[in-house]
> 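Got a structure for you, questions after.
Source: prediction; values computed, not measured. Along the sequence shown, the residues carry numbers beginning at 1.
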Amino acid sequence: MQVELVHAQFKRAKERSDSSDDDLFNDLISVYNSSSSANVDPDILRRLSEKLQLVTIHDLNQESLTLHEMASGGDPGAIVEKMSMLLKRIKDFVQTQDPEMGAQASATDISPKDNSTCPVIPDDFRCPISLDLMKDPVIVATGQTYERGCIERWLEAGHDTCPKTQQKLPSKSLTPNYVLRSLITQWCEANGIEPPKRSAQLSNAPVSCTAAEHNNVFELLQKLSSQNLEDQRGAAGMLRQLAKRSAENRACIGDAGAIPVLVSLLSTTDVSTQEHVVTALLNLSIYEENKARIITSGAVPGIVHVLKRGSMEARENSAATLFSLSIVDENKVTIGASGAIPALVLLLSNGSQRGKKDAATALFNLCIYQGNKGKAVRAGLVPILLELLTETESGMVDEALAILAILSGHPEGKAAIGAASAIPVLVRVIRNGSARSKENAAAVMVHLCNGEQQQQHLAEAQEQGIVSLLEELAESGTDRGKRKAIQLLERMNRFLKQQSQAQAQAEAMAQAQAQAQAQALVQAQGQADMRSLLPTSSHIPD
């Protein structure tokens with residue numbers, strides 16, 4: 001079955017290939033069955049790229065689309081995923097191994113700012129359809145993430161299944177994957193790559209609300225603006241539910257001018273109304289245009305007020321709202337200047353499980369902006385993160401390490417992590433953590449083991465048995481984890497060599513000193529023996 005799909009997927013290429021079909025088939029099977037890209041002979045990838053005429057990124061994107069078109073006819077998802085991996089390996093080769101072959105790449109390709117070799121894109125950051133780095137990742141009803149433009153074209157072509165899993169989609173709604181977008185931005189910055197810019201989404205604007213829907217929203221706004229507490233509470237609850245249901249509702253409510261009215265009620269003393277209001281703003285913020293409306297209405301101080309003094313549910317949703325708003329880069333500055341960071345740190349420390357998750361996500365996003373990192377450190381974030389690393393049952397290890405990895409690149413963050421005796425905790429994560437946690441722990445270690453405290457931290461890490469762990473991570477970790485492990489091993493080897501040289505010098509000096517002392521003792525003894533041989537004078541009386 002799988003071999004048949006290989007033949008079918010490349011049938012156009014086989015028609016135009018040369019007579020050595022057996023060699024082509026063997027090359028395909030070799031790549032298809034390899035366990036990783038590292039195990040594939042580059043010469044095989046070059047032959048496949050040339051014989052199949054997949055020499056540009058555009059060629060590969062078209063082939064990937066064809067694969068998913070074929071799969072929609074009923075082919076098993078596991079086979080589709082295996083074939084996508086085959087195309088990805090050819091694409092990695094085109095992008096990273098042979099610049100001339102990738103010269104005709106499309107505008108969606110990544111390009112390092114310093115013109116160095118492009119790093120390999122992590123699989124999680126690629127669109128399963130185009131295999132490109134995602135600019136605007138969105139989640140479909142099955143939970144899979146795709147580039148917005150690719151999945152929209154797929155749906156517009158009449159498909160009602162998830163391209164990757166082939167499951168029937170219960171709805172065609174697309175939800176922005178903000179967390180993944182932040183991770184992609186961080187990866188781009190860490191690798192010196194210009195972060196991908198999202199295309200204008202004019203065609204994605206929700207359809208206009210009907211007259212009846214407009215009238216309903218206006219009636220709710222009238223109740224929201226009344227002085228009757230019951231009317232306010234009920235209207236806020238209805239707007240919360242409407243904003244949750246659809247993009248059309250979110251646009252309609254924003255267009256009707258509801259946001260300033262909701263913002264004015266953030267300081268209400270009625271617990272239920274406050275919960276409804278802040279949650280309505282959270283739901284409204286999912287629609288891009290509403291983000292700007294919420295910010296310009298002066299909502300941030302009110303949201304921070306709720307974050308500090310509201311009920312636990314209100315605090316949770318305040319943190320989630322700040323995260324949603326911070327997706328826009330300039331909003332990171334506004335939120336950071338509002339006093340939100342200490343309140344988020346407090347929620348991370350004493351909040352519910354969901355509250356801690358929301359606070360961690362917001363802090364991660366805010367700390368991508370350099371100016372917020374020092375504020376987070378001064379708010380006491382580092383000790384709380386390290387405490388979460390020791391509480392494995394909290395389920396916060398990955399989140400805590402992701403934030404530590406960002407902070408460790410800042411001077412104040414690095415100093416705070418070093419002062420908190422983090423080395424044993426980080427080594428424990430590298431020994432027992434998940435692949436992503438090991439990667440981030442190694443990234444923190446790279447920053448710590450550099451600069452003034454380098455010798456001290458390397459010595460402590462060596463005592464904790466990190467060398468063998470790094471060797472294992474360099475072999476089997478994620479791509480970023482491997483790079484960080486190799487960096488640390490290089491520094492550790494230099495440190496051990498210096499230690500060995502210093503020890504040899506110390507031993508040589510001690511030996512020379514001992515020899516000198518022995519020689520001085522021999523000389524002193526010899527002089528004493530000579531004096532004992534001299535005749536003594538006798539006294540002769542007159």
> Report yes if the side chains of L266 and L281 come closer than 4.5 Å at any heavy-atom pair, otherwise no.
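With C-beta onward as the side chain, the pair touches.
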> Looking only at heavy atoms, which two atoms of K484 and A442 are closest? And how far apart?
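Heavy atoms of K484 and A442 come nearest at CB-CB, 3.7 Å.
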> Are the side chain of K357 and the backbone N or O of G395 linked by a donor-acceptor pair below 3.5 Å?
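Present.
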> Would you say the side-chain atoms of N290 pair up with the backbone N or O of R250, donor to acceptor, closer than 3.5 Å?
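Judged by distance alone, yes, a pair lies under 3.5 Å.
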> From C127 SG over to R148 CZ, what is the distance, rounded to the nearest 0.5 angstrom?
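The SG atom of C127 sits 12.5 Å away from the CZ atom of R148.
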> Minimum heavy-atom separation for L131 to P128, with atom names?
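Taking L131 first and P128 second, the nearest heavy atoms are CD2-O, 3.9 Å.
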> Is a side-chain donor or acceptor of W154 paired with a backbone partner of C162 at a separation under 3.5 angstrom?
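Not at all, since once roles are kept as given, no pair shorter than 3.5 Å links the two residues.
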> Is the backbone of I335 close enough, under 3.5 Å, to the side chain of S338 for a donor and an acceptor to pair up by distance?
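Side chain of S338 to backbone of I335: a pair is present.
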> Please determine whether a side-chain nitrogen of the Lys or Arg among D358 and R354 lies less than 4.0 Å from a carboxylate oxygen of the Asp or Glu.
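Salt bridge present between D358 and R354.
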> Do you see a donor-acceptor pair shorter than 3.5 Å between the side chains of E439 and T478?
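T478 and E439 do have a side-chain donor-acceptor pair below 3.5 Å.
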> Test side chain to side chain contact (heavy atoms under 4.5 Å, CB included) on V138 and T145 and set out the steps.
CA-CA 5 Å; V138 293; T145 296; over 6 Å; no
> Closest approach of G339 and V304, non-hydrogen atoms and distance?
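Looks like O-CG1, 4.0 Å.
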> Shortest non-hydrogen contact from E460 to P424?
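Nearest heavy atoms, E460 then P424: OE2-CD, 3.4 Å.
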> Given the rule in the side chain to side chain contact (heavy atoms under 4.5 Å, CB included) test, do H276 and M238 qualify, once you have shown the distances and angles that lead to the verdict?
CA-CA 9 Å; H276 290 328; M238 283 299 299; over 6 Å; no
> Using modelled atom types only, decide if a donor and an acceptor are shared between the side chain of S476 and the backbone of L473 within a distance under 3.5 Å.
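No, because the side chain of S476 does not come within donor-acceptor range (under 3.5 Å) of the backbone of L473.
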> Report yes if the side chains of R436 and D124 come closer than 4.5 Å at any heavy-atom pair, otherwise no.
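SC-SC contact between R436 and D124 confirmed.
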> Check the pair L155, V140 against side chain to side chain contact (heavy atoms under 4.5 Å, CB included), reporting the backbone distance first and the verdict last.
CA-CA 11 Å; L155 296 173; V140 298; 5.8 Å; no
> Report the distance from atom CD1 of I403 to atom SG of C367, rounding to the nearest 0.5 Å.
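Reported to 0.5 Å precision, the distance equals 7.0 Å.
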> Rounded at 0.5 Å granularity, tell me how far CG in D160 sits from NZ in K168.
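The distance works out to 3.5 Å.
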> Is it the case that the side chain of N249 and the backbone of L242 share a donor-acceptor pair, with hydrogens and angles ignored and the cut-off at 3.5 Å?
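Yes; judged by distance alone, with no hydrogens or angles, the pair exists.
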> Hey, are the side chains of V397 and S434 touching, using non-hydrogen atoms and a 4.5 Å cut-off?
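Side-chain contact under 4.5 Å: no.
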> Do K414 side-chain atoms and H447 backbone N/O form a donor-acceptor pair below 3.5 Å?
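Checking the backbone N and O of H447 against the side chain of K414, a donor-acceptor pair under 3.5 Å is found.
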> Side chains of L426 and L401: closer than 4.5 Å at any heavy-atom pair?
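Yes, close enough: below the 4.5 Å cut-off.
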> Report the C-alpha separation of R309 and Q274 in whole Å, then their side-chain angles, then the decisive distance to 0.1 Å, and conclude whether the side chain to side chain contact (heavy atoms under 4.5 Å, CB included) test is met.
CA-CA 11 Å; R309 298 181 175 85; Q274 189 179 68; over 6 Å; no
> At what distance, to the nearest 0.5 angstrom, does OG of S285 lie from CD1 of I327?
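One gets 9.5 Å once the value is rounded to the nearest 0.5 Å.
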> What I want to find out is whether E313 reaches R240 closely enough, with some N-O distance under 4.0 Å, to be called a salt bridge.
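Salt bridge present between E313 and R240.
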> How about N440 and R480: does a side-chain donor come under 3.5 Å of a side-chain acceptor?
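On atom types as modelled, these side chains qualify, holding a pair under 3.5 Å.
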> Less than 4.5 Å apart, any side-chain heavy atom of T321 and any of S318?
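No. Closest side-chain heavy atoms not under 4.5 Å.
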> Taking the side chain from T185 and the backbone from R181, do they hold a donor-acceptor pair closer than 3.5 Å?
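Pair found, side chain donor or acceptor close to backbone of R181.
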> Is there a side-chain contact between D132 and E147 (heavy atoms, below 4.5 Å)?
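A side-chain contact is absent here, since even the closest heavy-atom pair is not under 4.5 Å.
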> Under 3.5 Å, side chain of K291 to main-chain N/O of L325, donor-acceptor pair present?
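No: the side chain of K291 does not pair with the backbone of L325.
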> What heavy-atom pair brings L386 and A420 nearest, and what distance separates the two atoms?
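It is CD1-CB, 3.3 Å.
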> Please round to the nearest 0.5 Å and tell me the distance separating atom CE of M134 and atom CD1 of I129.
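M134 atom CE to I129 atom CD1 measures 10.5 Å (nearest 0.5 Å).
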> Quick check: does any side chain N or O of R315 sit under 3.5 Å from a backbone N or O of L307, one acting as donor and the other as acceptor?
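Here the side-chain-to-backbone pair exists.
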> On a heavy-atom basis, which atom in L284 and which in A243 lie closest, and how many Å separate them?
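Here L284 and A243 meet closest at CD2-CB, 3.8 Å.
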> Should P122 and D479 count as side-chain neighbours, where that means a heavy-atom distance under 4.5 Å?
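No; the side chains remain at least 4.5 Å from each other.
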> Sequence neighbours left out, what passes side-chain contact (heavy atoms from CB on, under 4.5 Å) with L265? Give chain and number order.
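L265: side-chain contact (heavy atoms from CB on, under 4.5 Å) contacts with L224, Q232, V277.
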> Charged N to carboxylate O below 4.0 Å: is that the case for E156 and R153?
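So E156 does not pair with R153 through a salt bridge.
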> When you compare the side chain of L221 with that of I253, does any pair of heavy atoms fall below 4.5 Å?
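Result no, sub-4.5 Å side-chain heavy-atom pair not found.
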> Would you mind writing out the side-chain donor-acceptor pairs for residues 370-380 within the sub-3.5 Å range, not counting sequence neighbours?
{"unit_1": "Q370", "atom_1": "OE1", "unit_2": "K373", "atom_2": "NZ", "d": "2.9"}
{"unit_1": "N372", "atom_1": "ND2", "unit_2": "K332", "atom_2": "O", "d": "3.1"}
{"unit_1": "N372", "atom_1": "ND2", "unit_2": "L366", "atom_2": "O", "d": "3.0"}
{"unit_1": "K375", "atom_1": "NZ", "unit_2": "G336", "atom_2": "O", "d": "3.3"}
{"unit_1": "R378", "atom_1": "NH1", "unit_2": "E412", "atom_2": "OE1", "d": "2.8"}
{"unit_1": "R378", "atom_1": "NH1", "unit_2": "E412", "atom_2": "OE2", "d": "2.7"}

> Is it the case that Q144 and T165 place a side-chain donor and acceptor less than 3.5 Å from each other?
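Distance-only check fails for Q144 and T165.
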> Rounded to the nearest 0.5 Å, what separation is found between the CD atom of E399 and the CG atom of L348?
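Rounded to the nearest 0.5 Å, the CD-CG separation comes out at 9.5 Å.
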